[in-house]
Each structure stands twice: as C-alpha cells, then as structure tokens.
Amino acid sequence: MKNKLLGLWGALSLLLLLVLSGCSLAEAAQGGEASGPHQLCGVYVTTEHVDTFDATGYFEDHPDQITNGGDIFIQDSAAYTGKLFFTKVPGQNGGEDRYVLDGPSGLLLLAVPVTETDGIPHYETYADPGVEGSFHTEIREDQGETRVEHMLEGTVTFPVSRDTFLCCFNPVYRGADGVFYLTGGSGISSQSEVESAFTHSENESYRVTEGAKAHTVSFDVKMIVQGQYPPKAYTVLYMSGDDKVISQESYTPETLPPQISPPQGTAYLLLETQRAVPPDTDPFKRQIVGSGDALTLLRPGELGFYLPREVPVSWPQKEAVP
C-alpha cells in the first residue's frame, strides 16, 4: 500500500513562509491545569481536505514577526484555526438524533455525553451509517489519583482499486456551550490492489478540578480504515446438520433482501462472497454463520465507502421431538 501523509495546508503554508522569512517557531511558557472547556470527542472522515486555517488573517495580524524574522508562537496560530459547526437534527418518530455539518460531506463518529456522576460524564456512541463505532470508559487509581480514560473507536471500509483513495481525519470537539465542531485535520491516501488497513488516532489529556477533588481525564479516538475487494455477488447456502446443501440463494450488493428465511432443517449458513480481485487471487471468500446469528454484508454507500448492512436471519423453529 502506498501511503502519503497529508498535513494541514494552512499550517504548511505558514511554515513555508516562516522558512523564507527567517522566522522561528517558539513555544510560550505554560503552567496551571487544563480545565478542558473544549473537549476532543470524535472524528469526521472526509474524502477531501477541510481547510479551516485563516492564513491571511494570521499574516495581516503578525507582519512584524514575518518581515523582521522574529519568533512566532505556536499558540498564536491556534487562534486562527477556524471551526465548522454541527447542527443537531432531532430524530423523527422516535428515531436517533443526527448531527449535520454545514460543510463538506463526511462520516461522523462521536461520543455524546448523556449523564454525569461525581463530575465524570458518561457517553453514548453516535455513528453515521457506514461507520461501525464503539465506546468504553475505564476508571482506575494511579498512585492515589483517579484517572478516567475514555476510548472511542470506529471502522470504515472502502473498495480496493488502482485509483487513489483519500481519507482525511478531522478532529471533533465539544465546546463549553455543548456544541460540536471540527477543525481541519490530516489525511492518508491509499493506492493498493491488495486488502489492507491503517489506523488514525487522536488523543487529549487534561486535569479537572472540582473543589478539593481533582482527577485526570484522557480521551482517545481511533479510526480504522480498511480496504476490501469489491463484492460482486453473495450466495447463501443453507446447510443441514450433516453438511449437505438444502438450497441456496444469490444476491448482488444492490439487491440485498430485508431478511433471510432459511428452510426447515437448516443447521447453519455458508456465506460465499464473490469479489472483484486481481489475477492469481481467489475471488471467493467463505464464512460460516451459526444458528441465531445475523449476516453483515457490504453494499455501496456515500463518498465511496461501503455501508455495512445487517440482514436478519429468521431461523426456523426446531421441530418438536414426538
């Protein structure tokens, strides 16, 4: 797989100008405790770069540092990193709320705070269709201090092909007012004819003090991007307990049924996926699905990603023994 790291275009432009003008980057002295008013809580995956850095505004406000070769503090540039905000759209007929960005289309993975206990928030996972997400929290004592570790993880899948596929990972934060927003992130491009996967991670750590109590909070966001051969057809074989084929049905990714009903006597399913693969590669992938399980199949989704589709299986009732 051919990977290329793509940084923030605004930051790269700033760095180039600093080199040409003889300026140097410096870090301001820091102290005290971070209160975490703007908290990392997710990632927004796009297939195009999201540029939120106001390079023009930065240059206009710092002409002396640029023309005279002075120090430019990294913290100063943070104020010129723009934000794109998400709008919460209430779900209809009891459905899940949605978060919509007024900007480039993408796939959102988010940890949404729902309750709080002893100053520690509890979250639930929000994931757009096309993202398989999970979240968990670990609370432990470390040398007499409480550490709260939040971990949000997601997976997206794209088709393997000779064409370059670009994934950009834009960190999502929750402001003090509870509104979610993103800032421009970095990306990876992939050009591969074999199945592969790569991971992008974001993390943040800070201390929270409430009265005489304090604890450390860390938030880790991990997105796994995996490339799979494009499925051309699915064949479901209904197998008996003595491993004989009772019957079979075939579907394309575009014509998946809402439900599969195996005939009486089916002990398990054999799922055979026919894939578009390069020469000298087995086009068939086989998977056993046990009684009581569902099928998870891929169909084309938005932005070139696959959309996992769970197809329920209505397993036949076991025949009563006379």
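Basis for what follows: all heavy atoms, side chains included, without hydrogens, waters or symmetry-related copies. This structure is a prediction, so every number in the text was calculated from the model and none was measured.
No continuous path of ILVMFWY side-chain contacts below 4.5 Å connects Leu307 to Val100, so the two sit in separate hydrophobic clusters. Following chains of ILVMFWY side-chain contacts shorter than 4.5 Å, one cannot reach Met151 starting from Leu110, and the two form parts of different hydrophobic clusters. Note on Leu101 and Val112: same hydrophobic cluster, where clusters join Ile, Leu, Val, Met, Phe, Trp and Tyr whose side-chain heavy atoms are under 4.5 Å apart, directly or indirectly. One hydrophobic cluster holds both Val179 and Tyr173 under the rule that ILVMFWY side chains link at heavy-atom gaps under 4.5 Å. Both Phe135 and Val156 belong to a common hydrophobic cluster when Ile, Leu, Val, Met, Phe, Trp and Tyr are linked at side-chain heavy-atom distances under 4.5 angstrom.
Under the ring pair (Phe, Tyr, Trp, His ring centres under 6.0 Å) criterion, Phe85 pairs with Tyr181, not counting sequence neighbours. Not counting sequence neighbours, Glu249 has no partner by the salt bridge (Lys or Arg N to Asp or Glu O under 4.0 Å) test. The side-chain hydrogen bond (donor to acceptor under 3.5 Å, both in side chains) search around Ser134 returns none, not counting sequence neighbours. Partners of Glu138 according to the side-chain hydrogen bond (donor to acceptor under 3.5 Å, both in side chains) rule, which considers only residues two or more places apart in sequence or in another chain, do not exist here. Remark: Gln228 engages no residue in a side-chain hydrogen bond (donor to acceptor under 3.5 Å, both in side chains) (not counting sequence neighbours). Partners of Lys232 by salt bridge (Lys or Arg N to Asp or Glu O under 4.0 Å), not counting sequence neighbours: none found. Partners of Arg147 according to the salt bridge (Lys or Arg N to Asp or Glu O under 4.0 Å) rule, which considers only residues two or more places apart in sequence or in another chain, are Glu149. For the salt bridge (Lys or Arg N to Asp or Glu O under 4.0 Å) test, no residue two or more places apart in sequence or in another chain qualifies with Glu132. Every residue two or more places apart in sequence or in another chain that forms a ring pair (Phe, Tyr, Trp, His ring centres under 6.0 Å) with Phe165 is listed here: Phe158, Phe305. Residues passing the side-chain hydrogen bond (donor to acceptor under 3.5 Å, both in side chains) test with Asp242, sequence neighbours excluded: Ser240. For Pro263, the side chain to side chain contact (heavy atoms under 4.5 Å, CB included) partners two or more places apart in sequence, or in a different chain, are Tyr238, Ile246, Ser247, Thr266.
Here the OG1-CG distance, from Thr273 to Leu298, works out to 8.5 Å after rounding to the nearest 0.5 Å. Atom OG1 of Thr47 and atom CG of Leu107 lie 8.5 Å apart (nearest 0.5 Å). With rounding to the nearest 0.5 Å, the separation of CZ in Arg174 from CG in Leu40 is 13.0 Å. From Cys167, atom SG reaches atom NE2 of His200 across 10.5 Å, with rounding to the nearest 0.5 Å. Rounded to the nearest 0.5 Å, atoms CG (Leu237) and CG (Leu270) are 5.0 Å apart. Separating the CG atom in Leu271 from the CD atom in Gln287 is a distance of 5.5 Å, to the nearest 0.5 Å.
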Set out, in order, the CA-CA distance, both residues' side-chain angles and the distance that settles side chain to side chain contact (heavy atoms under 4.5 Å, CB included) for Val148 and Ser218, then state yes or no. CA-CA 6 Å; Val148 182; Ser218 65; over 6 Å; no
Run Asp293 and Val313 through side chain to side chain contact (heavy atoms under 4.5 Å, CB included) and show every step you take. CA-CA 7 Å; Asp293 295 336; Val313 180; over 6 Å; no
Intermediate values then yes/no, side chain to side chain contact (heavy atoms under 4.5 Å, CB included), Leu152 and Asp220: CA-CA 6 Å; Leu152 178 66; Asp220 294 302; over 6 Å; no
As a quick check of understanding, evaluate side chain to side chain contact (heavy atoms under 4.5 Å, CB included) for Ile288 and Leu269, giving each step before the final call. CA-CA 6 Å; Ile288 293 177; Leu269 309 181; over 6 Å; no
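When all heavy atoms of Pro278 and Tyr229 are compared, the closest pair comes out as CD-CE2, 3.5 Å. Between Asp243 and Met239, the closest heavy-atom pair is O-CE, 3.5 Å. When all heavy atoms of Ala127 and Leu109 are compared, the pair lying nearest together is CB-CD1, 4.1 Å. When every heavy atom of Val131 is checked against every heavy atom of Gly154, the shortest pair comes out as CG1-CA, 4.5 Å. The two residues Thr183 and Lys83 make their nearest non-hydrogen contact at CG2-CG, 4.5 Å. Minimum interatomic distance between Pro171 and Gly185 (heavy atoms only, all atoms of both residues): CD-CA, 3.9 Å.
Between Tyr44 and Phe180, a ring centre-to-centre spacing not shorter than 6.0 Å is recorded.
Side-chain atoms of Thr87 and Asp102 form no donor-acceptor pair, as typed in the model, at a separation below 3.5 Å. With no hydrogens or angles considered, a side-chain donor-acceptor pair links Thr216 and Glu145 at under 3.5 Å.
Val236 is listed as a side-chain neighbour of Ile260, based on a closest heavy-atom distance under 4.5 Å. Side-chain contact between Val89 and Asp97 is absent, with no heavy-atom pair separated by less than 4.5 Å. Looking only at side-chain heavy atoms (C-beta outward), Cys168 and Val45 stay at 4.5 Å or farther from each other. Counting heavy atoms from C-beta on, the side chains of Tyr234 and Ser250 never come closer than 4.5 Å. Side-chain atoms of Pro257 and Tyr251, non-hydrogen and from C-beta on, do get closer than 4.5 Å to each other. Counting only heavy atoms from C-beta outward, the side chains of Asn203 and Val221 never approach each other to under 4.5 Å. When side chains are defined from C-beta on, Val225 counts as touching Phe169, because their heavy atoms get closer than 4.5 Å. Counting heavy atoms from C-beta on, the side chains of Ser201 and Thr199 come closer than 4.5 Å.
Listed by first then second residue, pairs satisfying salt bridge (charged side-chain N to carboxylate O under 4.0 Å, His left out) with a partner in residues 250-276 read Glu195-Arg275, Glu272-Arg286, not counting sequence neighbours.
With hydrogens and angles ignored, the 3.5 Å screen pairs no side-chain donor or acceptor of Asn170 with any backbone N or O of Leu182. Although no hydrogens or angles enter the test, the distance criterion places no donor-acceptor pair under 3.5 Å between the side chain of Trp315 and the main chain of Ala267. Side chain of Asp128 to backbone of Leu108: a donor-acceptor contact under 3.5 angstrom is found.
Relative orientation of the Phe219 and His150 rings is tilted, given thresholds of 30° and 60° on the angle between their planes.
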